[in-house]
Amino acid sequence: MKKWLIKSLTAAIILSITVSMAACTKPGDDSGSSSGSSSSASGSGNNPYKDTVTLDVYTLTGNFQGEQIGWLGKVIKDKFNLKLNIISAQTDGNADQSFQTRSASGDLGDIVVYGAMDTKFTDSLKAGLLLKLTDNDLLAKHGSNIVKNFSGALKRISDKYGDYAIPNNVSTESPNTPSEDSDLTFGVYTRYDYYQEIGSPKLNTFDDVYPMLKAMAQKHPTNSNGQKQYAFSLFKDWDGCMMMFGKMIAELYGYEEAPFGGFLLANNMATEYQNIIDPNSYYIKALKVYNQAYRDGLLDPDSINQTWDDITKKYANGQVLYSQFSWLGPNNFNNAENISNGIGFALVPIADEKIWSNGFTPNGSTYLVALGKSCKNPERAMDFLNWYYSPEGTMTIKNGPEGLAWKIENGKPILTEFGKKCMPSIAVEVSSEFGGSDWQTGECKVGFDGLAANSINPNTNEPYYYKLWSSTLLSNTSTLQKNWSAAMDGALTAKEWLVKNNHVSVSPGTDYVAPTLPPDIQSIQDVVKMDIRDYSWKMVYAKSDSEFNSLLKEMTEKVKGEGYDTVVEWDKHQLAELAEARKQAAESGK
């Protein structure tokens, strides 16, 4: 029997034992209900937490500032008498400055979410800003679900850094299996109704994508409200060592940024790479596409200044034609009314694409969650995280409280009529019984998944996330779905079609832990990345080919003078270690 399968079965058995013992566990542990959710709309009325506590959640991955309210806010309040004050590091586009400021104050927050095992995390450890999770038996007493079921994930971090954090996306699935739901994360997701209107042109290479978008825009220059429609709309909140949207083409051809950052885009096994400032790289090619769209009036002029909230509203309004991510355009535009009328985003394949996909990570991925050293109530915070990593917590966080958007029938989860209207992310009004406001407002703002959402829930034997429930797949009969499926050999999902037709490049999920950058490399990288980001945006807004090329030449000379090649040489050395880790993971998953 394969190693990963043995691990899956072992975890499932342990988890079932844990669930059966839930009646004896303390508040915050998994309830063990058949559905994996016990959060009632009206609250338990028997809350063991007598005082209300507000915890500051400092997140380097979330995009929201303020209190978590709505349906999830109510679940957390009812269950833990807890409020979460979300503090996002990146809403002003400068996560580095935000982190430095909070570090200097000596208090990052009560709960801290990191986007990588990078220097922000290691600097926090060096500065003593995090609480050791094993102090006073905190983890053992208040994190029993995590300790019992995900010891490998804890060990992966503790072996290198000590007992200070828990990784995200823990799973029991094979590392060679795509970890996404019905759609892969990346792909050409566009207005499928418009695509059919222009004759469903075949995309042989990425060079055919922008002409397709131009043809759509010529036929539909504005949305139904008379607002201009753009081929692309961007934002810079997630820029790191490079402009995040500069990876658009690379991800369609099996290349992605390494877990340790840097200036190389590597293939799925980390055995091949591209230098991002190479004029022939996917990165520069993407900037050229955006620049052409800008000069054609088809790039949203707000791109450099707008936020995540701005762009999601534009997708919801039907002002953007292309979505790099499956969860951006489709999630915000494909409401029940639109898809029933055959209107909405869907995948259009490229003949030569090999889309990057992250395999499941049995011992967790690269994001981390930790407690700040001054956490005002570490026991309550750990009880909350213990639930966050449970089947009950995962079902709730991904699909809302049981009874609102979903319910259990014959042991299997199905969407309610409300769920069919609000999923995946539509601002449908929610009754006060479930917290009020609307569905989007109530969605989790932490920016972190404890368990992999597409792993199997042992209580239902179906994935946690609704998109892969058998009931969802069999009832997905909207006009949009029928039109798309008819053109895609009857496939029910984009993932199904892409896997079947060998258009997926899976990066095996590994236990790889990114190294800490040496201080000299870190110093150079910090300087160089700012120039790369600034020049990348300038190139997007260049007024001519000559200006674009001049900026590229100027950027190349400047960053090389700042030590770019020194960082790249260090990146290459780390890629060799990453390649070995992915090779081992791939073999373990066979």
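We're numbering straight along the sequence, starting at 1.
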Notebook entry, point to check: Does the gap between the ring centers of Y253 and W356 come in under 6.0 Å?
Noted result: no
Next item on the list: May I ask you to check whether Y189 and Q324 show a side-chain donor-acceptor distance below 3.5 Å?
Entry: no
Notebook entry, point to check: How long is the span from the CG atom in L82 to the OG1 atom in T52, to the nearest 0.5 Å?
Noted result: 9.0 Å
Next item on the list: For D110 and D56, indicate whether the former's side chain and the latter's backbone hold a donor-acceptor pair under 3.5 Å.
Entry: yes
Next item on the list: Walk me through it: do K529 and D239 pass the test salt bridge (charged side-chain N to carboxylate O under 4.0 Å, His left out)?
Entry: CA-CA 9 Å; K529 73 179 184 182; D239 288 358; over 6 Å; no
Check: Can any side-chain N or O of R533 pair as donor or acceptor with the backbone N or O of C241 at less than 3.5 Å?
Finding: no
Check: Cut-off 3.5 Å, side chains only: do N267 and Q274 have a donor facing an acceptor?
Finding: no
Notebook entry, point to check: Are S588 and Q584 linked by a side-chain donor-acceptor pair shorter than 3.5 Å?
Noted result: no
Notebook entry, point to check: Any side-chain heavy-atom pair from S326 and F186 closer than 4.5 angstrom?
Noted result: no
Notebook entry, point to check: Within the side chain of S179, is there an N or O that forms a donor-acceptor pair under 3.5 Å with the backbone of F360?
Noted result: no
Check: Do E256 and S507 have a side chain donor and acceptor closer than 3.5 Å?
Finding: no
Checklist line | Parallel, tilted or perpendicular: rings of F245 and F235 (30°, 60°) | finding: perpendicular
Notebook entry, point to check: Is the backbone of S171 close enough, under 3.5 Å, to the side chain of S455 for a donor and an acceptor to pair up by distance?
Noted result: no
Notebook entry, point to check: Relative to the ring of F121, is the ring of Y114 parallel (under 30°), tilted (30 to 60°) or perpendicular (over 60°)?
Noted result: perpendicular
Item checked: Residues, nucleotides or ligands: over 12 heavy atoms within 6.0 Å of K155 NZ -> no
Next item on the list: Go through the side-chain N and O atoms of N275 and Y283 and say whether any donor and acceptor fall under 3.5 Å apart.
Entry: no
Check: With sequence neighbours left out, which residue pairs that include part of residues 175-187 fulfil the salt bridge (charged side-chain N to carboxylate O under 4.0 Å, His left out) condition?
Finding: D183-K467
Next item on the list: Check whether any side-chain heavy atom of V57 lies under 4.5 Å from a side-chain heavy atom of F448, and answer yes or no.
Entry: no
Check: Distance-only, no hydrogens or angles: does the K83 side chain make a donor-acceptor pair with backbone N or O of I76 under 3.5 Å?
Finding: no
Check: Quick check: does any side chain N or O of T510 sit under 3.5 Å from a backbone N or O of Y512, one acting as donor and the other as acceptor?
Finding: yes
Check: Y49 and D383: side-chain hydrogen bond (donor to acceptor under 3.5 Å, both in side chains), yes or no, with the steps?
Finding: CA-CA 11 Å; Y49 303 102; D383 283 343; 2.8 Å; yes
Item checked: K412 side chain to T460 backbone, donor-acceptor under 3.5 Å -> yes
Margin query: Contact between S505 and S357 at the side-chain level, heavy atoms closer than 4.5 Å - yes or no?
Written below: no
Item checked: Straight-line distance of K583 NZ to L578 CG, nearest 0.5 Å -> 13.5 Å
Margin query: Using 30° and 60° as the class boundaries, would you call the ring planes of W327 and F325 parallel, tilted or perpendicular?
Written below: parallel
Notebook entry, point to check: Quick one: CG on N63 to CD1 on I86, what's the gap to the nearest 0.5 Å?
Noted result: 11.5 Å
Next item on the list: Decide side-chain hydrogen bond (donor to acceptor under 3.5 Å, both in side chains) for W439 and E443; before the verdict, give the C-alpha distance in whole Å, the side-chain angles of both, and the deciding distance to 0.1 Å.
Entry: CA-CA 6 Å; W439 176 261; E443 290 175 325; 3.3 Å; yes
Notebook entry, point to check: Got a sec, which pairs hit side-chain hydrogen bond (donor to acceptor under 3.5 Å, both in side chains) with one end in residues 130-140, sequence neighbours left out?
Noted result: T134-D163
Next item on the list: Would you tell me whether D526 and Q522 have side-chain atoms, one donor and one acceptor, within less than 3.5 Å of each other?
Entry: yes
Checklist line | Verdict with supporting geometry, S88 and Q65, side-chain hydrogen bond (donor to acceptor under 3.5 Å, both in side chains) | finding: CA-CA 6 Å; S88 170; Q65 295 266 57; 5.3 Å; no
Item checked: Flag side-chain contact, heavy atom, 4.5 Å: D159 against I157 -> no
Item checked: Single hit among L125, L368, L130 for side-chain contact (heavy atoms from CB on, under 4.5 Å) with Y161 -> L125
Check: Between NZ of K495 and OG of S182, what distance do you get to the nearest 0.5 Å?
Finding: 8.5 Å
Item checked: OH-CG distance between Y466 and L468, expressed to the nearest 0.5 angstrom -> 10.0 Å
Notebook entry, point to check: So, T361 side chain and N363 main chain: donor-acceptor pair closer than 3.5 Å or not?
Noted result: no
Notebook entry, point to check: Would you find more than 12 non-hydrogen atoms of other residues, nucleotides or ligands less than 6.0 Å from Y273 atom OH?
Noted result: no
Note to self: One thing to verify: whether K79 and E392 come together as a salt bridge, which I'm taking to mean a side-chain N less than 4.0 angstrom from a carboxylate O.
What the structure shows: yes
Check: Has R102 got its NZ or CZ under 6.0 Å from the middle of the six-membered ring of Y58, at an angle within 45 degrees of the ring axis?
Finding: yes
Checklist line | Cation-pi, Y465 ring and K398 (6.0 angstrom, 45 degrees) | finding: yes
Notebook entry, point to check: Sub-3.5 Å donor-acceptor pair from the side chain of T312 to the main-chain atoms of D309, do we have one?
Noted result: yes
Next item on the list: Measure from the side-chain N and O atoms of N268 to the backbone N and O of V506, and report whether any donor-acceptor pair falls under 3.5 Å.
Entry: yes
Check: How far apart are the C-alpha atoms of S390 and N386, what are their side-chain angles, what is the distance that settles it, and do they pass the side-chain hydrogen bond (donor to acceptor under 3.5 Å, both in side chains) test?
Finding: CA-CA 7 Å; S390 71; N386 196 45; over 6 Å; no
Next item on the list: Please round to the nearest 0.5 Å and tell me the distance separating atom CG of L60 and atom CD1 of I87.
Entry: 11.0 Å
